[in-house]
Amino acid sequence: EQLYSLQKSLDELSGLSHHAGPLINGKCLSGSERVIVNPANHSHKVGTVAFCGADTVADALDTASKAFDAWRSTNVQKRARYLNNAADLLEYNRTELVSLCVSEGGRTIKDALADVREAVDFCRYYAARALELFDRPMALPGPCGEDNFLTYYGRGVFLCISPWNFPIAIFTGQIAAALAAGNTVVAKPAEATSLTAAACVKLLHQAGIPGPVLNFVPGIGSEIGPLLLRDPRIAGVAFTGSTETARSINRQLAEHADIVPLIAETGGQNAMIADTSAHKEQLVLDAVQSAFNSAGQRCSALRVLFLPHETADKIIELLIGAMQQLTIGDPGHYATDIGPVIDRKALDKLNAHVEAMRQHAGILFQSPLPPELPDGTYFPPTLIEIDSLAQLTEEVFGPILHIVRYSSNTLEQVIDDINATGYGLTLGIHSRINATARKIQQQAKVGNLYINRNMIGATVGVQPFGGMGLSGTGPKAGGPDYLKRFAVEQTVTINTAAIGGNASLLNQDL
Ligand code: UN1
């Protein structure tokens, strides 16, 4: 059994953190070098990463494919132990991971700490679920003289494609799930956060996961994405990112001779509905956190707040007051609430959205940016009043909160309008009337519904996370059924009567 040394991991990791490249078959390969710049301060170069070309991608797929049979038959206790080791290593190395995530991803220290925490939780949760689901075959009822059971195996090579906004948790969570279910992995990190992702891979390897079983392919999505997605050796894809990219992945998977499953967690047009009974201060606190934490760069973030005419003016006044209290600035300072957005393109899109909204909507407030900010991609938290949800045609991925006023007797219409966006990720309700909360809950087609609290930061194993419709395929990450989609099911039926009645395979190590 491979032992790991915490001190060794620290030493090796700090040597690796500012340069990364493809990790195939346990070896670091070269590629075309890219400089990673700190989004909070463009004069700070965080490090360099070697991006893969076609040969390296082919090498990764070949390695993962050859490693599959051995990994598929590695017993689940061992797979779970590696993931629990990984959780310990992630926890132990959190300072290094947080520092990379803050400087490369522009996330605040609090967000980066939560990102490590969630990655640790994913590893432990999927290890525990794998033991529950896959350790012994599940006995099924059947007639006398027959044994029936259900057993699970990995599918093959899983391609894991993850976003920059949770470079530790989502990156590690997808991989942990795929490995726990018995798949080998080719992991494609987000371009902007390749260094953080590489550090996670290094820790997973140190935890005992063999090099050929987990391969890492940093690179430009539009270049290596099609090479990965069209390869016949891919047996499944886990993806978190935009709905548009999920559609494109689906189209490419449709070209395969095999039916290749896609587990997608995509965007949202997330709303919060307050009624006249809502506790105003609680509502304002929860709306501000949900809309502006992580600079609004969460798929779960609040985008549209529905306020009843009766209380809207008062709540808007409180919201502006709360926005004035937000500390915007260097994400590396512990007191900072709002850091930069990820890059220039994201900043330009947000500015273009505000300009477009100026034509037919009211900009109620923009938090002033502190004058001494360095040259980074900062965008001020912004409050915009619009007439109806229909004015928003796409997901606005940043710290912009829209307000829509409604009449209490049109609540049903509000819910219909939210459903009509086609997205269905998160929804917040603020009401002290049980019947109202219940009605909204039953009518709303969303994956995660939060009542009288904020609507971000789902906890692994406690609030399984994922949407419906344009927001994703399910099953929910951090939920009891997530691993099943990464596996194939085999039903075994044995005619025990025919061979003397003692042919039970159930108690054997299958
Ligand atoms: C994402 O932003 O891509 O509940 C998904 C939350 C997180 C969202 C992750 N689990 O806020």
| note | Interatomic distance, OG@Ser248 vs CZ@Phe239, rounded to 0.5 Å, equals 8.5 Å
Side-chain donor-acceptor pairs under 3.5 Å in residues 336-345, sequence neighbours left out?
unit_1 : atom_1 : unit_2 : atom_2 : d
Thr336 : OG1    : Asp330 : O      : 2.6
Thr336 : OG1    : His333 : O      : 3.4
Asp337 : OD2    : Thr327 : N      : 2.8
Asp343 : OD1    : Lys345 : N      : 3.4
Asp343 : OD1    : Ala346 : N      : 3.0

| query | Hey, are Arg124 and Glu91 close enough for a salt bridge, meaning a charged N less than 4.0 Å from a carboxylate O? | reply | yes
| field | Polar contact flag, side-chain donor to acceptor under 3.5 angstrom, Asn293-Lys110 | value | no
| Does the Asn215 side chain pair with the main chain of Pro212, one donor and one acceptor, at a distance under 3.5 Å? | yes
| field | Ile249 and Ile161, any side-chain heavy atoms less than 4.5 Å apart | value | yes
| Are any non-hydrogen side-chain atoms of Trp71 and Pro210 less than 4.5 angstrom apart? | yes
| query | Just checking, Arg107 and Phe166: is the charged tip under 6.0 Å from the six-membered ring centre and within 45° of the axis? | reply | yes
| query | Are a donor atom and an acceptor atom from the side chains of Glu33 and His19 found within less than 3.5 Å of each other? | reply | yes
| Does the cation-pi check pass for Arg34 over Phe51, that is, NZ or CZ under 6.0 Å from the six-membered ring centre and within 45° of its axis? | no
| Summary of salt bridge (Lys or Arg N to Asp or Glu O under 4.0 Å) pairs that have at least one residue in residues 228-248, sequence neighbours excluded | Asp62-Arg233, Asp231-Arg233
| message | Listing request: all side-chain hydrogen bond (donor to acceptor under 3.5 Å, both in side chains) pairs with a residue in residues 458-468, at least two apart in sequence or in separate chains. | response | Thr459-Gln463
| task | Please determine, by modelled atom types, if Thr63 and Asn25 share a side-chain donor-acceptor pair under 3.5 angstrom. | result | no
| Phe486 vs Tyr482 aromatic rings, parallel, tilted or perpendicular, using cut-offs 30° and 60°? | perpendicular
